[in-house]
Structure formats: C-alpha cells, structure tokens
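Contents: one structure, followed by commentary.
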Amino acid sequence: MRQSVEKRTKHRIRFILVIASLAFLGLFGRLAWIQLYLGAEYEHMAFENRFNQVTLDARRGAIYDAKGRPLAVSVMQPTIIANPVEVAKSQRTEEVAAKLAYILDMDQTVLTQKLKDNANRWFMYVKRRVTEEQARDIRALKLPGISFQEEPMRIYPKGELLANFLGFVGTDNIGLSGLEIAYDSVLSGTPGKMMLELDHRGQNIPDTTQTVIPSRDGSSLVLTIDETIQYILEREIRAAVERHNPAKMGILVMDPNTGRVLGMAQYPTFNPNSFSDSDQQNWRNFLISDVYEPGSTFKTVLMAGALEEGAVSLNDQFYCGGAVKLTSGTVQCWRGLPHGNQTFVEGVQNSCNPMFVSLGLSMGKEVVYKYLNGFGFGKKTGIDLSGEAAGIVLSQRNCRELDLATMSIGQTNAVTPIQLLTAFCAITNGGSLMKPQIVKEVRDADGNVLESIEPELVRQVISPATSEKVLSVLETVVSSGTGKTAYIDGYRVGGKTGTAQKVVPGVGYSKSEFIVSFLGVAPVNDPQVVCLVVVDYPKGADVTGGAICGPIFREAMKDVLSYLQVPTQIEPQRVSAPSFDEITLQNYTGTNVSAAEAKAAAQGLTISVVGTGDVVYAQLPLPNTRMLRGGSVVLYTKLPKSLEAVQHTVVPELTGKSYDQVMDVAQECNLDFAISGSGVVMYQQPAPGVMADAGSKVAVWLEEPLAADAYGDAAGP
C-alpha cells in the first residue's frame, strides 16, 4: 500500500515537471519569437510612442518667365494644429473650439465635434495655411494643446495671367494641372523630418535632443514664355470676347526657328489662387487638349506638300466652276459661286476649295499622307504639358476619294491648335519640324542652372526653297486675298484664314456654329513669330476667319513685333495707299435706288448707277464683299426686255434659287438661260456680276441639296 502511494506521487511529480517544462518551453519559444521575429516591429512601436515625427514640407520651386519675372512662387504660411489629448485633459474643449472658430471663421459645432472624435490622438490639423494676423491672435490666447507649423503656400502673383498653362497645386502642395503637374517631380523638392522625444503623456520633453533631417527645396523653371507678350495676347482676347462673345478662343505665338512658345492665352480662364471657385471646364488648356477640323488654315500643309513634290507651280492655271463633282458626292466652293480661271497663287488668295480638291486628288493619298505624317498630325507634339491630345487622322487604308477631297480643304481630320502651329513653324522656317518648347532652364534653389534645354529638331519635312515659295504666296493672301485685315503697317505679313463648320455629335456639320481662325507669320522675309488665332462659335453677321481673326492677329502682332524689336520695313506702295478701313458691302438689290444710294453713302462709298429704272437689279461688287471705305459700287437698275437698245447686261446671282425663281429672274433679263438638273442652283457660268452681251447664254446647274452638304463649306476664308 505504501509503495502504491509513493508510485502515484512520483507520477504526479513527473506530470507536473512535464507540464512545467512544456510551459517553460512555450514561454521560451514566445520570447524567442518576439525577440527574433517581432523585435523590429515592437522596437518601431516603442520608438513611435517615445518620439513624435513631424514632416517638414519642402518649398516648391518657383516658375519664372523668359526674363526672370515670377509667375508662381511659394511662401511659408502658418498652420494651426492641435493635440486633442491635451485639449481633452484641459477640460476646455468647447472654449478652445469657440475661440478658434471665431478667429478662423469656422463652424464652432463642427470643430468641437472634431476635437472630441479625435480625443485619443496626439495630432490633428485645425486649419492649414492661415493668415499671419490669425496666427498672431491665436498665439496670444495660449490655448492648451494648440500649436503652429509652417507650411508652404503656392501664390500666383499675376492672377489669371497664363493660368491654363501654369495650372495649380492642391492643399498638399502637389501639382494638379498644367505645368505644375507636368513638372511636379522637379518643382516639389524633398520633404524633411524632425523627431521630438515625448513623455508618457505625449508631451514634448524639454531640453532633449531633436533629430532634424532638413527638407530640400524644389528646383525652379525658367519658361520660354514672355510675360509682356502674354499680357498683349490676353488683352486682345478680352477685347475680342466683348466684341464677338465666343464659346471659347485662344492665341498661340511661337518662334518658328526654335519651336519655343512665346505666349499661350485662352478664354475662358480662371484664377489659380482660388481655382476651386471656377468651373472645372475652365481649367482645361484646350490649345493642347481639344481637337477640331481646321478648315482652310490646313490648306497651307497641302500647299507645302504640293510645291515640294512638284505637283504644282506658282503660275499653274486652275478653273473653279463653283463645285467639284466626285463619284460619291460634291465638294462646293465656300462662297457658292465660281472663281473661274485663276492661277495657283490666286486660288490660294481666294481659298478656293475646288482648286485644293483637284490638287489633293492629283497628288494621291500616298503623297498626302506622307506630309500628314511628316508634319506630325495624328501624333502628340511632345510639348511638356499634361493632357495633350494626339489629334484624329483617318487611316490611309480607309481613305476614299471623297475623304481625300475633304482632307485637302481641312475637313475629315481633326487637329489640336498646338499641332497646327507646330506644322506651320516648319512650313515657314525652312522646313524643319521643331518640338514645341516651353521650358528653357531648370535652376536649383540657389539659382544655379542645373539644365539648359536647347531647341529640338524632330525632322526635315520640306526644303528651304519650298518654304520660301509658300511664304511668298502667303504674303499675297494678306496683301490681296482673304487675309487683308491682318496687314500690319511696316511689316511684311503672310497668313491664311480659316472658317470651319463645327461638328455636332450625332448630327454632322452645324449650319450656324463655326470655328474661325487665322494662321500668320511675320516678317515673311525673315520669320520671327508665327501666330494662330482660333475663335470657337463667335456671334455676329460676318463670321469668317478674315473678318474676326485677322484684326485680332494684327493688333496683337504689331505690339509683339515692336516689343521684340523686329525692324520695320518701309514699303513705298503702302505709304501712299489709302487707309485699310474695311467694311462689308451691304445687299442693295431689290431696293429703291435712292435708298441704296443713302445706304452706300452711310458706308462711305461712292455710287454709280447704270440704267434708268427705279429699283436696283444687281450690283458690283457683290453683297458681303469686304472692301475699303471710300471705294466705288455700281448699281444696275431693272430694265425691261423690250428695250432693244440695251447691248449689255449684268449676270444676276442665282445660287440657292429654285427652278421657278430662276424662271422669274429670266423674265426680267435679256439673257438666254440654259437650265439643267433639279433642286436649287448650285453653281452657274458666267459668275454673278459679270457684264455679258445681251442674249448671251448663262448655264445654270441645279442639284438636290445633299444631307452632307457641308463639304467645302467648312473651308471658307
């Protein structure tokens, strides 16, 4: 019995020893796990409990214009922070919130609740980047748990100037749009850190060593854009908005020889100092992000390619009958009337659609696409701004005859303004396609140059000889063609106008909304600046590129050329020329002669009346013609056919008239009308306004209006 008790006792002791050993092994294993595997994590947690890490924001680099004038700078502003634990321990949460809310213009209830919700945290932002006056008033109160921190604040000292180009930064000092986001990694710098030792209550321990890793300020940018040129462009935009009330408009100016952007202005815009107050649509830089069918300004590209390929010479003859019939449609001339016989140069001056259609078809799509690709259409230009679009170019494989025809007059393909002006730089600078450049230097915080950015050649597209020919033709457009309103006294100016119908999704080409533009260069004998003026949906009676954009170009460029100290060139023929005060000729047909004379006199015109009737039957020049004030107008009165003494008569305008309306006119004219087709008059020969012998034949073609009758209309002057 005794042995049995001893045996049971020994088993119990062994069992207890085993259990104790297992427990010891478990504790040892746990200790080893903590020491070997979780040691770093627990050390980090202990470090965080002991130390408070404060981020030291870096000062964002400045942005300067080409002459070193600041466009965007960063200044240090006080930020109010709270230690909600200390605020709660003071038992003055409501009082602290009330006093802060009063000074900072905040909602007291919201702030009180925020402090209570974070009562177990050591850090909370009260309000970031307050004024010095607000910070001074709060310091004087010595509120428990309330302290201060310096943070950089982005300031745009010129307000709206260049806003869509520069963009803006967010509360955390990170670029959100424009140049600010494109160069964020360069401008933002590297944040620093400060370590503060804390006691068990989370309070800083006085006289302890503080570890500081200083921040490194961001680098600064020096732009190619000149502030003065930008002021000039934005001044003209404000004036144009008042006159024409467009949906949007922009002006781009570049140095054609380097590709450097000298100015980039647009409407609508916003103030980047308070960007959240503006509609987000106003933040867009549509000059690089939006595409549109350019219309006749695109004809400069086709012209350059045709001259380079030898497909045309300056003296080649073309005939415009008012439209070009293709197998799958008809492309009309923009004015709805024939230009008749003309040289290539005259066709460019007239912006004649049939001539350019004939030219494009004769070149063939392989050659046309060679220059579409060569000038960079359908691809991003590579400008250092976020949000650039690549444009839209119909694939060569899917290009049909009608597509090639409409491409030739600036339809079908869509471009961005920066693409079009970059191509124009190549056309006017001797044929070199340059990458658009907006930054010329990167400097460190001390002003030392870290990087100097040189102009970048993409490729050679046309020869210098071809470039000279194009410039000579473009000069005649301003001196004698649709671009006369862009002429600048003392400078040789070249350019091309454009009037494009807007494309309405799901509908097609709009009948009432247009995008008008002017593409110009000066001086043509030594190109220093190129400029694109584009106006989207202007309001008014004469909505053409020549009437609206030509004067904007003229007023802006005469000041830009003067500012850049480009020498003037005295032209004797211009010195003696009358004033270029242009007017749009009214329609006097169908009105009483005396009333027509009074209207013409009010426009500063001189009148000659041919015939003895009382009603104006026709006029020369035609209605809506742009002409100089002081010019002459001939009014033809209605004559009965029975007056056999009449040997000559003027051909009436029939475009758009029905068959019955043409027959009504025929009853009043001593002419023989040969009418073919049905629908409405699309074109006629001879052209309206021509003096013809009595009894002469006038051929009139009628067609049913096409659903896509915009072919050609979008490529006006």
Could you verify whether a donor N or O on one side chain and an acceptor N or O on the other, from [X] and [Y], lie under 3.5 Å apart?
X	Y	result
R443	S220	no
N353	K299	yes
Q528	Y491	no
E441	Y64	no
T269	E160	no

Hey, does the side chain of [X] reach the backbone of [Y] with a donor-acceptor pair shorter than 3.5 angstrom?
X	Y	result
D446	N448	no
R260	P455	no
T224	Q437	yes
N164	N282	yes
E132	Q134	no
Q419	K379	yes
S479	E475	yes
E388	G382	yes
T422	I418	yes
D217	A445	no

Salt-bridge contact [X]-[Y] (side-chain N to carboxylate O under 4.0 Å):
X	Y	answer
D184	R60	yes
K158	E227	yes
R235	E555	no

**Prompt:** How far apart are the C-alpha atoms of L166 and I63, what are their side-chain angles, what is the distance that settles it, and do they pass the side-chain contact (heavy atoms from CB on, under 4.5 Å) test?
**Reply:** CA-CA 9 Å; L166 294 174; I63 301 176; 4.0 Å; yes
Any side-chain heavy atom of [X] sitting closer than 4.5 Å to one from [Y]?
X	Y	value
I251	C531	yes
T476	V348	no
V241	M249	yes
T300	V470	no

Let me confirm one number: the [atom1]-[atom2] distance from [X] to [Y], rounded to the nearest 0.5 Å.
X	Y	atom1	atom2	result
R129	M76	CZ	CE	8.5 Å
L233	Q266	CG	CD	12.0 Å
N525	S472	CG	OG	12.0 Å
I181	S188	CD1	OG	11.5 Å
Y487	S480	OH	OG	11.5 Å
I438	L221	CD1	CG	8.5 Å

Nearest heavy atoms of [X] and [Y], plus distance in Å:
X	Y	result
P538	V516	CG-CG2, 3.9 Å
V493	A522	CG2-CB, 4.2 Å
V253	L421	N-CD2, 4.2 Å
T482	K496	OG1-NZ, 4.4 Å
Q460	S432	OE1-OG, 2.8 Å
A547	D542	CB-OD2, 3.3 Å

**Message:** Show, in sequence, the C-alpha distance, side-chain angles and deciding distance for K440 and E454, and conclude whether the salt bridge (Lys or Arg N to Asp or Glu O under 4.0 Å) test is met.
**Reply:** CA-CA 7 Å; K440 67 177 183 179; E454 298 299 322; over 6 Å; no
**Message:** Quick one, D226 with R69, criterion salt bridge (Lys or Arg N to Asp or Glu O under 4.0 Å). Give me CA distance, side-chain angles, the key distance, then yes/no.
**Reply:** CA-CA 9 Å; D226 188 291; R69 293 168 289 200; 3.1 Å; yes
**Pair L262-V560, side-chain contact (heavy atoms from CB on, under 4.5 Å): steps then yes or no** = CA-CA 10 Å; L262 304 180; V560 169; 5.7 Å; no
**Message:** Just checking Q565: does its CD atom have more than 12 heavy atoms from other residues, nucleotides or ligands closer to it than 6.0 angstrom?
**Reply:** no
**Message:** Quick check on K469: does its NZ atom have over 12 non-hydrogen neighbours (other residues, nucleotides or ligands) under 6.0 Å away?
**Reply:**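 Open: at most 12 neighbouring heavy atoms sit under 6.0 Å from NZ of K469.
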**Prompt:** Hey, do the aromatic rings of F298 and F377 have their centres closer than 6.0 Å?
**Reply:**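 Aromatic pair counts; centres sit under 6.0 Å.
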**Prompt:** So, for F275 and F168, is the gap between ring centers shorter than 6.0 Å?
**Reply:** yes
**Complete:** The residue among D536, I392, L420 that forms side chain to side chain contact (heavy atoms under 4.5 Å, CB included) with Y292 is L420
**Asked** Going through the distances and angles, do K502 and E293 end up as a salt bridge (Lys or Arg N to Asp or Glu O under 4.0 Å)?
**Response** CA-CA 8 Å; K502 292 187 66 172; E293 292 187 5; over 6 Å; no
**Item:** side-chain contact (heavy atoms from CB on, under 4.5 Å) evaluation trace for M254 with V529
**Value:** CA-CA 6 Å; M254 294 173 68; V529 290; over 6 Å; no
**Message:** If you apply the rule salt bridge (Lys or Arg N to Asp or Glu O under 4.0 Å), what do you find for D489 with K558, and how did you get there?
**Reply:** CA-CA 8 Å; D489 286 323; K558 71 180 181 181; over 6 Å; no
**Message:** Once salt bridge (charged side-chain N to carboxylate O under 4.0 Å, His left out) is applied, do any residues pair with R59, and if so which ones, sequence neighbours excluded?
**Reply:** none
**Prompt:** Any cation-pi pair here, K539 with Y537, using under 6.0 Å and within 45°?
**Reply:** yes
**Asked** Please walk me through it: do F375 and I427 pass side-chain contact (heavy atoms from CB on, under 4.5 Å)?
**Response** CA-CA 9 Å; F375 283 114; I427 291 171; 3.7 Å; yes
**Derivation of the side-chain hydrogen bond (donor to acceptor under 3.5 Å, both in side chains) call for T499 and T544** = CA-CA 5 Å; T499 305; T544 63; 5.0 Å; no
